[in-house]
Amino acid sequence: MSIFARIAAALDGLLDDMTAAGELPAGLNRSSVTVEPPRDASHGDMATNAAMVLAKPAGTNPRALAELIAARLRNLAEVETVDIAGPGFINMRLDRTAWEGELTAVHAAGADYGRSTMGAGRTVNVEYVSANPTGPMHMGHCRGAVVGDALASLLGFAGFKVTREYYINDAGAQVQTLGRSVHLRYREALGEDIGAIPEGYYPGEYLIPIGQQLAAEFGDTYASAPESEWLDLFRERAVAAMMDMIRDDLALLGIHHDVFASEAAVQSAGKVDVALKRLEGEGLIYKGVLEPPKGELPDDWEPTEMTLFRATRFGDDSDRPVRKSDGGLTYFGTDLAYHAQKAESADILVDIWGADHGGTVKRIKAAVQALTGGKVEFDVKLVQMVRLMRNGELVRMGKRLGNFVTLADVVEEVGKDVVRFTMLTRKADAQMDFDFAKVVEASKDNPVFYVQYAHARIASLGRRVKEAFPGELPSPDLSRFGAEELDLIKQMANFPRVVEAAANAHEPHRIAFYLYDLAASFHGWWNLGNDQPERRVIVADDIGLTASRLHLSAGIAQVIRNGLALMGVRALEEMS
RNA sequence: GCGCCCGUAGCUCAGCUGGAUAGAGCACUCGCCUUCUAAGCGAGUGGUCGCAGGUUCGAAUCCUGCCGGGCGCGCCA
């Protein structure tokens with residue numbers, strides 16, 4: 001249990017005692033009582049708002065209640081001083097041995113330091129990437145892939161059971177086009193001159209080998225056969241090949257999904273019929289004509305009857321078609337059933353989507369609400385576009401331009417770890433520039449470098465200490481730490497809180513910012529040794545102090561490793 | 001016209017789901033530095049948290065309305 005959790009638990013117990021003693025009324029809601037480090041460290045190590053939050057419902061004033069709570073807090077072994085400040089904050093300073101113990105806890109827990117039971121084993125399904133299987137991964141997919149993967153790791157570390165899922169959009173018009181495009185390449189492989197790839201087909205050269213393979217396997221059987229004889233086959237083969245490519249691309253980033261769910265399979269398994277029937281039974285499906293969209297009317301708009309889902313019942317702005325006027329399913333119609341399928345085996349669903357799909361969040365939330373009766377928690381994370389920059393200039397990409405930068409190219413150029421870390425240096429819903437030069441720059445303003453450098457520096461220390469003091473080191477003596485060393489421990493002790501907060505908010509970027517701050521503090525501590533040699537980690541004539549400071553450094557390295565592991569980034573032993 | 005996301009220092013961004021005097025990097029100014037791993041260190045300047053109301057002990061954070069930017073807007077995926 002982390003030191004904050006321990007103090008929070010102690011506070012909770014003491015509030016129980018106060019209730020039993022009649023100092024507080026029974027049944028108070030304590031959910032907004034917090035124990036946190038104060039923003040300003042001069043206020044102490046920890047602060048609680050308990051008095052301010054509880055005063056009103058308890059029918060007393062914050063200062064008076066704070067006095068009562070403070071009196072009991074003073075009896076806690078780990079608490080050294082307690083005072084009341086401002087409108088009723090209770091500030092605590094902990095005994096230094098409590099902090100020393102936290103460093104010991106870091107070493108004892110090792111790779112598990114920061115692991116939480118917050119999730120209590122609840123199951124979470126994180127669906128991410130889900131790029132259309134029509135080509136290789138490009139940079140447009142990259143950020144969602146990294147954010148989703150890091151979030152999945154983070155939730156696992158926070159005590160949830162996590163499923164990483166990829167939804168294969170293998171049922172719509174786009175994969176039909178893919179099948180036809182491969183057929184062209186197939187005819188090409190048979191020796192036919194196909195000329196330029198016509199408009200509306202996928203022109204990518206990555207389809208050539210698939211055409212060749214089909215030619216080798218089937219000869220000219222389908223060369224001039226009607227589409228009905230080959231389209232399904234070619235589509236399936238093409239999708240399978242695309243998914244192999246995509247899996248390879250994702251592997252370059254260290255991303256491996258547990259489940260690849262197929263849109264076509266959702267349909268053929270009858271899941272859509274079941275879901276729609278269920279909604280129909282609740283009067284949530286009807287045939288009707290939608291109002292035309294407000295504002296400028298599309299030229300081809302005409303009123304037609306479709307099968308609609310009453311999304312407006314659940315807060316959407318319009319009811320939404322699940323079947324087209326020709327009776328075929330819409331994307332949403334299947335997606336709705338797909339979410340019902342995911343909800344069968346998860347307590348919590350998380351989707352990671354590109355921001356360009358933001359307009360459809362409400363309808364899918366409405367659908368999940370309707371299908372699960374609100375029993376399944378559902379969050380859609382929108383991830384903003386990444387602008388690729390080279391030498392300060394925007395790298396223009398587009399299907400039309402045919403020059404989109406592939407994920408594999410970027411990983412090859414700057415490395416998996418740099419890509420992953422950089423993608424997490426912004427909130428998901430904020431736009432981001434990815435500059436090829438800046439992300440590999442060796443300087444303080446590059447967080448990737450700065451965090452890795454801290455870890456490498458500590459690794460180097462380990463090697464140096466072995467040279468300076470061959471043989472066994474004495475056990476660390478934590479009582480020799482000064483204020484700066486204790487401050488570093490306090491910052492480390494925040495890691496478990498950051499993990500929980502980040503997992504709770506579904507915001508893996510917080511780990512990256514935390515690590516940057518921790519690295520900065522470590523570098524600052526290190527630099528004390530520049531002016532004052534006696535403040536260095538390695539003190540030539542004091543093996544005991546050296547061992548103690550190395551122990552502290554190693555603790556920081558451990559926390560950095562744990563944080564980086566959540567981000568899917570390897571820690572470096574030395575800078576190259 | 002509607003919906004979603006966003007608006008914080010000159011620039012790029014954090015801000016722990018409502019806490020105390022709003023933070024970091026860059027840039028700028030002033031010092032220092034030839035090192036336990038070099039790719040620097042320390043300090044300083046810089047803010048009406050888009051604007052206006054509201055909620056309460058307390059708001060950058062929650063609510064409403066404007067202003068500005070991005071994305072999207074029946075039968076695409």
Side-chain angles (χ1 to χ4, degrees), chain A residues 32 34 36-40 43 47 49 52-53 55-56 61-62 85-89 91 132 134 169 171-175 263 289-296 298 301-308 316-333 335 354-362 382 384-385 425-427 429-433 441-447 449-450 453 456-457 459-461 463-465 468 494 497-498 500-502 504-505 507 509-510 513-514 516-517 520 523-524 526-531 533 536-540 546 549 574-575:
Chain A
S32 49
T34 58
E36 297 178 328
R39 210 161 270 201
D40 184 343
H43 291 133
N49 61 354
M52 290 182 291
V53 171
K56 197 174 208 182
N61 75 72
F89 283 103
N91 292 327
N132 283 336
T134 55
N169 297 134
Q174 292 187 10
V175 286
E263 180 183 8
V289 179
L290 283 176
E291 294 286 310
K294 297 273 177 0
E296 205 168 332
W301 195 90
E302 52 185 66
T304 34
E305 191 180 72
M306 291 171 284
T307 308
L308 300 168
D316 200 355
D317 317 289
S318 168
D319 290 340
R320 303 294 178 180
V322 293
R323 286 188 186 281
K324 310 179 217 178
S325 48
D326 67 5
L329 287 162
T330 62
Y331 180 83
F332 173 61
D335 202 26
D356 52 339
H357 291 79
T360 62
V361 171
K362 279 189 178 180
L382 294 182
Q384 278 288 350
M385 293 291 136
T425 54
R426 290 281 181 283
K427 265 190 303 208
D429 50 18
Q431 286 187 27
M432 173 161 85
D433 289 348
E441 189 178 282
S443 78
K444 185 174 181 175
D445 41 316
N446 179 4
F449 168 80
Y450 207 53
Y453 186 27
R457 221 172 209 180
S460 160
L461 271 175
R463 297 189 290 266
R464 285 290 190 130
V465 168
N494 245 319
R497 297 183 67 246
V498 172
E500 290 194 348
N504 212 24
E507 291 184 348
H509 75 276
R510 293 189 192 191
F513 281 92
Y514 169 81
Y516 181 81
D517 288 341
H523 288 305
W526 167 280
N527 285 318
L528 292 173
N530 286 346
D531 298 331
R536 295 182 181 179
V537 173
I538 300 172
V539 184
T546 299
R549 288 181 178 165
E574 57 188 330
M575 305 307 285

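Residue numbers begin at 1 in each chain, while the letters A, B, ... track the order of the sequences. Predicted model, so just to flag it, every value in this text is computed and none were measured.
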>> So, under a plain 3.5 Å distance rule, would you say the side chain of A:Asn91 forms a donor-acceptor pair with the base of B:A20?
In response: yes
>> Is it the case that B:C16 (base atoms only) and A:Arg497 (side chain only) share a donor and an acceptor within less than 3.5 Å, ignoring hydrogens and angles?
In response: yes
> Could you write nucleotides 3-8 of chain B as a row of B, S and -, 5' to 3', where a protein heavy atom under 4.0 Å of any base atom gives B, of only sugar-phosphate atoms gives S, and otherwise -?
Replying inline: SSSS--
> If we ignore angles and hydrogens, is there a donor and acceptor under 3.5 Å between the side chains of A:Arg457 and A:Tyr453?
Replying inline: yes
> Going by atom types alone, do A:Asp429 and A:Gln384 pair a side-chain donor with an acceptor below 3.5 Å?
Replying inline: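 No donor-acceptor contact under 3.5 Å links the two side chains.
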Is the aromatic ring of [X] within stacking range of [N], meaning centres under 5.5 angstrom and planes under 30 degrees?
X	N	result
A:Tyr331	B:C76	no
A:His357	B:A77	yes
A:Tyr516	B:A24	no

Who pairs with [N] - Watson-Crick or G-U, where each distance is under 3.5 Å:
N	answer
B:A9	none
B:G42	B:C30
B:U17	none

> Would one find a side-chain N or O of A:Lys324 under 4.0 angstrom from OP1 or OP2 of B:G74?
Replying inline: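 For B:G74, neither OP1 nor OP2 has a side-chain N or O of A:Lys324 closer than 4.0 Å.
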> Do any N or O atoms from the side chain of A:Ser325 and from the backbone of A:Glu305 form a donor-acceptor pair under 3.5 angstrom?
Replying inline: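 Such a contact is absent between A:Ser325 side chain and A:Glu305 backbone.
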> Backbone N or O of A:Ala442 within a donor-acceptor pair of the A:Asn446 side chain at under 3.5 Å?
Replying inline: no
>> Side chain of A:Asp356 only, heavy atoms from C-beta on: which candidate in B:G70, B:A77, B:C71 is closest?
In response: B:C71
